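Below is one structure; the comments refer to it alone.
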Amino acid sequence: MTFSICVREEYEDDDGDTQHRFGVAVTTRLPGVGTLCPFVSEHGAVATQSLVNVELGRKGVEYLGDGLAVEDALDALLNADDGKPERQLHGVDAQGEFAFSGDDCGEWFGDLVGENYTVAGNLLTGEAVIEETAAAYEDGDREEPLAKRLIDALGAGQAEGGDKREDLEVQSAAVKVATTEDREFDPYYDDLRVDASTEPVQDLRETFRLASEGQETALEKYAEDAEDTEDVEDGEEAESGDGDGSE
């Protein structure tokens with residue numbers, strides 16, 4: 001019912017320190033996929049799909065935070081899950097990748113593992129969906145925000161047919177990004193969802209655009225307010241310093 005992508009990227013922050021960011025994006029021909037499938041933290045990204053077991057994603061990210069490697073964490077969770085043949089689970093951490101597709105996932109299903117990313121899908125029109133999703137991510141401009149590039153990757157997979165259940169018109173999509181960097185605040189566009197739409201990827205792209213514009217506007221406003229406050233305080237200090245100092 002779904003296809004998704006999980007990625008890891010290494011980068012340098014403004015102080016020259018090495019950081020990692022993780023992202024996951026997903027879309028399906030059902031409502032509310034953002035509440036069930038994508039999980040991300042400063043330790044990694046996980047997507048759980050097919051016959052969804054939310055605990056695989058929630059505990060998977062939790063185990064990564066405890067220091068387990070992504071392969072060990074997700075494999076252990078699957079081996080303890082009686083529904084393993086119907087699960088699809090994949091993800092990344094700071095050093096590795098993991099992908100699993102159970103034999104009972106709906107046709108067409110499959111996954112692929114690339115350098116620093118994983119892609120998986122089920123009930124798709126064909127293998128080209130996940131191949132084009134991966135290719136779009138690989139070809140993306142690293143100067144652009146990761147959230148935008150993940151949405152573009154979903155768009156490439158959707159253009160290849162995406163979820164094959166054309167009789168289900170109400171769809172959804174979501175994107176989440178986290179980083180090891182200690183930031184003053186997270187960008188508005190790093191956690192976005194479209195819960196019910198006939199064009200979820202297109203709407204998610206528009207939501208990203210508006211969130212990005214909203215952030216820029218808010219930052220400009222707060223900067224202006226801070227400057228105005230500083231000017232008032234400077235003026236008050238100047239007034240309090242007037243006079244000859246005599247009692």
Side-chain angles (χ1 to χ4, degrees), residues 4-28 31-45 47 61 92 116-117 133 136-159 162 170-238:
S4 58
I5 177 170
C6 296
V7 307
R8 168 188 66 249
E9 293 183 346
E10 183 178 296
Y11 69 100
E12 284 190 1
D13 61 23
D14 293 339
D15 295 326
D17 296 325
T18 299
Q19 305 287 351
H20 287 93
R21 57 183 166 232
F22 302 95
V24 54
V26 57
T27 186
T28 188
V33 70
T35 68
L36 299 173
C37 296
F39 294 84
V40 68
S41 74
E42 68 272 24
H43 305 291
V61 167
V92 297
N116 304 320
Y117 70 85
T133 299
Y137 168 70
E138 289 183 341
D139 294 340
D141 182 357
R142 285 287 294 264
E143 296 300 314
E144 293 185 328
L146 176 56
K148 180 182 183 301
R149 290 182 281 125
L150 291 176
I151 296 169
D152 289 342
L154 289 183
Q158 195 84 312
V170 180
Q171 307 168 49
S172 57
V175 62
K176 292 186 176 185
V177 174
T179 177
T180 55
E181 184 179 353
D182 185 14
R183 302 183 291 191
E184 185 176 355
F185 62 89
D186 294 324
Y188 298 160
Y189 50 71
D190 271 359
D191 188 354
L192 300 176
R193 286 167 37 187
V194 172
D195 284 340
S197 169
T198 58
E199 297 288 345
V201 177
Q202 179 178 324
D203 289 347
L204 190 62
R205 185 177 288 115
E206 177 66 4
T207 301
F208 171 88
R209 184 186 69 80
L210 292 172
S212 182
E213 289 183 1
Q215 176 174 302
E216 291 178 8
T217 301
L219 289 176
E220 290 173 1
K221 173 179 171 51
Y222 293 142
E224 290 173 359
D225 290 348
E227 185 176 341
D228 290 343
T229 300
E230 185 176 339
D231 289 343
V232 170
E233 292 175 347
D234 289 344
E236 291 175 346
E237 290 176 2

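Computed from a predicted model, the values in this text were never measured in an experiment.
Across every non-hydrogen atom of Cys6 and Ala47, the tightest pair is SG-N, 3.7 Å. A pairwise comparison of heavy atoms in Val92 and Phe22 identifies CG2-CD2, 4.1 Å as the closest pair. When all heavy atoms of Pro38 and Val33 are compared, the pair lying nearest together is CD-O, 3.3 Å. Of all the heavy atoms in Tyr189 and Val175, the pair that sits closest is O-CG1, 4.5 Å. Taking each heavy atom of Leu150 and Val24 in turn, the nearest pair found is CD1-N, 3.7 Å. Arg193 approaches Thr35 most closely through the heavy-atom pair NH2-CG2, 3.1 Å.
Listed for the Asp15 side chain is no donor-acceptor partner under 3.5 Å among the backbone atoms of Asp17. Looking at Gln19, its side chain never comes within 3.5 Å of a backbone N or O of Asp13 through a donor-acceptor pair. In this structure, the side chain of Thr180 engages the main chain of His20 through a donor-acceptor pair within 3.5 Å. Looking at Thr27, its side chain does come within 3.5 Å of a backbone N or O of Ser172 through a donor-acceptor pair.
Atom CG of residue Asp186 and atom CD of residue Gln215 lie 9.5 Å apart, to the nearest 0.5 angstrom. The distance from the CZ atom of Phe208 to the CG atom of Asp152 is 8.5 Å, given to the nearest 0.5 Å. In this structure, Thr207 OG1 and Gln202 CD are separated by 10.5 Å, a value rounded to the nearest 0.5 Å. Rounding to the nearest 0.5 Å gives a distance of 10.5 Å between CD of Glu42 and CG of Asp182. Taking OG1 of Thr217 as the start and CG of Leu210 as the end, the distance is 10.5 Å to the nearest 0.5 Å. The CD atom of Glu199 sits 10.5 Å away from atom CZ of Arg205, with the distance rounded to the nearest 0.5 Å.
For Asp141, the CG atom is densely surrounded, since the number of other residues' heavy atoms within 6.0 Å is greater than 12.
Each of Thr179, Thr18, Leu146 was checked for a side-chain contact (heavy atoms from CB on, under 4.5 Å) with Tyr11, and the lone residue meeting it is Thr179. Only one option out of Arg8, Glu138, Glu9 pairs with Tyr117 in a side chain to side chain donor-acceptor pair (under 3.5 Å); it is Glu138.
Arg21 has no carboxylate O lying under 4.0 Å from a charged side-chain N of Asp190, or vice versa, which leaves the two without a salt bridge.
Within the 4.5 Å cutoff, side-chain heavy atoms of Tyr137 are placed close to those of Arg149.
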